[in-house]
Amino acid sequence: AEQDAAFVVALCDTMDVPVTVTRVTVGPGNLEAAAREARYQALQARAVETDANVIALAHQADDQAETILMHWMRGAGAAGLAGMRVLSGNLWRPLLTVPRQQLIEVLAALGAGWREDATNQNATLVRNALRLQVIPQLRALAPAFDVNVARAARLMAMEEDWADGQAEQWLFHNASLLPANPFLLAEPCAKLPAAMQRRVVRRMCALAGDVPDMDTTDRVLKLLNVPRASVNLPGGGKALRTRHRLHFLAAQRPPMPLGRLHADVSDGAKGTTRGRWQEFDLDAVSGAALRLPRVGDTVAPLGMAGTQPLSKYLGNRAVDLPFRANAPVLARGQDVLWVVGVGISRLAAVTENTRRSARLTYAGRLPWDLECFSSGGTRP
């Protein structure tokens, strides 16, 4: 590695190209994977420091063939068999379609030197074994092997991009990607073709942690037909099926961002208890504040005697468990006067004894809103 670094420094010096050498410590475990991760972290950090738009990587066509074969051996789907992309985020691979031998011939013609990684001949590594033993035999059987693999990867990438676009469009109308509580509508998802089901479920799982393997994905897909069940996800998350939704819960979830309340003069109309606006006795809500639920909160349900713990109130109104901690409430102390989109307390309702009333409207997103939510609101 030190000799590789010295070679690069000398080369950049002759070309008057600025160079920075970063030394990193690679942890225990899979040395190849750990070193790769350390390289990418160092490159990304340097890109931030220099305000670079892209990071140019030297992957070439042979690397692409090796990568696709490795993915195929692991039973990868379309995304894996599409291989590396020329542009992926800020990673740019301008040489991805150029065969390694062609690069060597150009260097030789220029009289330029190059370095070979010291581990390239270690056939105990899967990538090296493919390069040294398997791919030469495939080229002997099919001289156009590299070109054909590149073509197949390009076709797979186009189909992958199209399918991703279809999945994104479906999720826009049938799911929420909000980090506080991603979910999708279970019944519409159950009616999708199997390939699209798998695609949208894997994308949702990634919001709750890591992308699951095939077995975990299969278990999550079974939840579409098994209400009130759950599956553990990689990274400590969980997929939870309620009556109408499939929730994807990360081990640690951020709180729901609160919206705002707007007060208007009452026009005498009656608000819906499951909407974003409601008529209130103005004196009864004086001093109340908009916030998220807290332990010990209680509600005096409209049309009922006595009070209930807020958690019980939300459960009685079929609010999914993952939504309850993020349902915005208007409260004075621990007395909840309004759970936005769910119901109001009789302590704040307009009655024949009301002297002043006002309409309060909530402007913001509710936990059960879909990506295409509107101000009309949806049922929890």
Report task. Flag the pair His59 / Thr67 as yes when at least one side-chain heavy-atom distance between them is below 4.5 Å, and no otherwise. Result -> no
**Report entry** Positive for salt bridge (Lys or Arg N to Asp or Glu O under 4.0 Å) with Asp62, one of Arg100, Arg139, Arg127, Arg131
**Finding:** Arg139
Requested in this report: For the pair Asp146 and Gln101, evaluate side chain to side chain contact (heavy atoms under 4.5 Å, CB included) and give the outcome as yes or no after the intermediate values.
Outcome: CA-CA 11 Å; Asp146 303 88; Gln101 185 58 36; over 6 Å; no
Query raised in the report: Under a 4.5 Å side-chain heavy-atom rule over Ile, Leu, Val, Met, Phe, Trp and Tyr, are Leu185 and Leu221 clustered together?
Result: no
**Report entry** Test applied, side-chain hydrogen bond (donor to acceptor under 3.5 Å, both in side chains); reference residue, Asn122; option that passes from Asn120, Thr119, Thr124
**Finding:** Thr124
Query raised in the report: Out of curiosity, does Val8 fall in the hydrophobic cluster containing Val17 (side-chain heavy atoms, cut-off under 4.5 Å, transitive links)?
Result: yes
Requested in this report: For the residue pair Glu37 and Gln41, confirm or rule out a side-chain donor-acceptor distance under 3.5 Å.
Outcome: yes
Query - Over all atoms of both residues, closest heavy-atom pair of Ala186 and Leu224 - result: O-CD2, 3.9 Å
**Report entry** Joint cluster assignment, Phe248 & Val319, ILVMFWY side-chain distance < 4.5 Å
**Finding:** no
Requested in this report: Say whether Ser286 and Asp283, considering side chains only, have a donor N or O and an acceptor N or O under 3.5 Å apart.
Outcome: no
Query raised in the report: Are any of the side-chain heavy atoms of Arg115 and Gln3 separated by less than 4.5 Å?
Result: yes
Query raised in the report: Would a hydrophobic clustering, with Ile, Leu, Val, Met, Phe, Trp and Tyr connected at side-chain separations under 4.5 Å, put Leu370 with Val342?
Result: yes
Query raised in the report: Would you say the side chain of Leu366 lies within less than 4.5 Å of the side chain of Pro328, judging by non-hydrogen atoms?
Result: yes
Query raised in the report: Transitively linked via ILVMFWY side-chain contacts under 4.5 Å: Leu207 with Leu249?
Result: no
Query raised in the report: Without hydrogens or angle criteria, can the side chains of Thr22 and Arg46 be said to hold a donor-acceptor pair below 3.5 Å?
Result: no
Query - ring-ring contact (aromatic ring centres under 6.0 Å, His included) partner of Trp338, the single match among Phe280, Tyr313, Trp277, Tyr362 - result: Phe280
**Report entry** Arg291 side-chain N/O to Val329 backbone N/O, donor-acceptor pair under 3.5 Å
**Finding:** no
Requested in this report: Inspect the surroundings of CH2 in Trp170 and state if more than 12 heavy atoms from other residues, nucleotides or ligands are less than 6.0 Å away.
Outcome: yes
Query raised in the report: Could Glu371 and Arg365 be called an ion pair, given the rule that one side-chain N must be under 4.0 Å from one carboxylate O?
Result: yes
Query raised in the report: What are the two closest non-hydrogen atoms of Arg317 and Pro301, and how far apart are they?
Result: NH2-CB, 3.9 Å
**Report entry** Exercise: identify the closest heavy-atom pair between Val200 and Leu192
**Finding:** CG2-CD1, 4.3 Å
Query raised in the report: Can a salt bridge be assigned to the pair Asp218 and Arg198 using a cut-off of 4.0 Å between side-chain N and carboxylate O?
Result: yes
Query raised in the report: Do the rings of Phe183 and His247 sit parallel, tilted or perpendicular, given the 30° and 60° boundaries?
Result: tilted
